[in-house]
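Presented below is the structure to which this report refers.
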Amino acid sequence: MVNGSWSAKAQLFRDAHNGPPLVLPNAWDAGSAALVAHTGAKAIATSSAGVSWSLGYRDGEQIPRDVMAEAVRRIVRVVDVPVSADIEAGYGPDPEDVATTVTALLDAGVVGVNVEDSRSPGGPLFDSEAQCDRIRAAKHAAAAAGCSALFVNARVDVYLFEIGEPAGRLDEAIRRAEAYAAAGADGVFLPWAFDLDALTRVVAAIPLPLNASAAAGGPSVAEFAGVGVRRISLGSGLAQTALASAVKTAHDALHQGTFDRMADAVDFDAMNALLPALPRRHDSA
């Protein structure tokens, strides 16, 4: 499993959390990953929703584990930068489920995973001790595969799914973040928390890099950096933006008879050139 290339990428990914915020415009397939890497991204992270939608599944672990892993493998194949995969809640409630998923993703070549603490979209959340067991299972699976440097990013969904009373969310988020850090997580992700004072408190409370989520109207990269955030994820935002463009272009074609939006399309030859050339089937016969 582990080789020099994997180890080098794993170290690059870890190091990217030690300077200015690592900005991750999350990809959903090999083509989008190649484009994101071409724009200068230091790493590629996947969007679970984007991957699921692109293959005809709803988000929320509706996609089979092996189908998701194969999609990630294709992403790893076309980019030279490190890849981290969103494995949602690990494709099952038990630590063994998380371990199986991590092993599959390591085989696909990833150097990081996101593991969320929500049982399903909208909640409820796993008990924090149960989630700690699941984080430990991810780390043990990585060690067993010879990939101890796997970066496990523990997602705390208190803000994302508005769990509990608003006044108590920050304390609960910190409590969970501290527990996940003690369980061996390498980073903490607090999606949909945009209050900079709250993020400052989380950064001060935990010894790990904090990951925040980007949103239109939310803090800028500079503002996140100012309070100590080390990683910023666009989540499904990039996929949603691309799909919105597709909807508008199709609507104009179908209902207005115009094609002007296609002027902003990615150049065909440039896109083709971003992907590796493989022998055509009839050429290899």
**Asn211 and Ser233 side chains, donor-acceptor separation under 3.5 Å** = yes
**Asked** In terms of side-chain heavy atoms, does Asp127 have a donor or acceptor partner in Gln131 at a distance below 3.5 Å?
**Response** no
**Any residue meeting salt bridge (Lys or Arg N to Asp or Glu O under 4.0 Å) with Asp133, in chain and number order, not counting sequence neighbours** = Arg136
What residues form a side-chain hydrogen bond (donor to acceptor under 3.5 Å, both in side chains) with [X], not counting sequence neighbours?
X      : value
Gln62  : none
Arg175 : Ser128, Glu172
Glu162 : none

**Complete:** Here the gap from Arg155 atom CZ to Ile87 atom CD1, rounded to the nearest 0.5 Å, amounts to 11.5 Å
**For Ile135 against Ala183, the heavy-atom pair lying closest together** = CG2-O, 4.1 Å
**Complete:** Closest heavy-atom pair, Ser84 versus Val113, reported as atoms and distance to 0.1 Å, is OG-N, 3.5 Å
**Message:** Looking at Ser48 and Glu88, would you say the former's side chain and the latter's main chain have a donor-acceptor pair under 3.5 Å?
**Reply:** no
**Message:** Between Glu61 (side chain only) and Gly90 (backbone N and O only), is there a donor and an acceptor less than 3.5 Å apart?
**Reply:** yes
**Partners passing ring-ring contact (aromatic ring centres under 6.0 Å, His included) against Phe13 (at least two apart in sequence or in another chain)** = His17, Phe151
**Message:** List the residues meeting ring-ring contact (aromatic ring centres under 6.0 Å, His included) with His38, not counting sequence neighbours, and say none if there are none.
**Reply:** none
Can you tell whether the side chains of [X] and [Y] come within less than 4.0 Å, N to carboxylate O?
X      : Y      : result
Arg73  : Asp107 : yes
Asp186 : Arg14  : yes
Asp195 : Arg201 : no

**Prompt:** Side chains of Tyr159 and Pro191: does their closest heavy-atom pair fall under 4.5 Å?
**Reply:** no
**Item:** Partner of Ile75 under side chain to side chain contact (heavy atoms under 4.5 Å, CB included), chosen from Val36, Ile44, Asp29
**Value:** Ile44
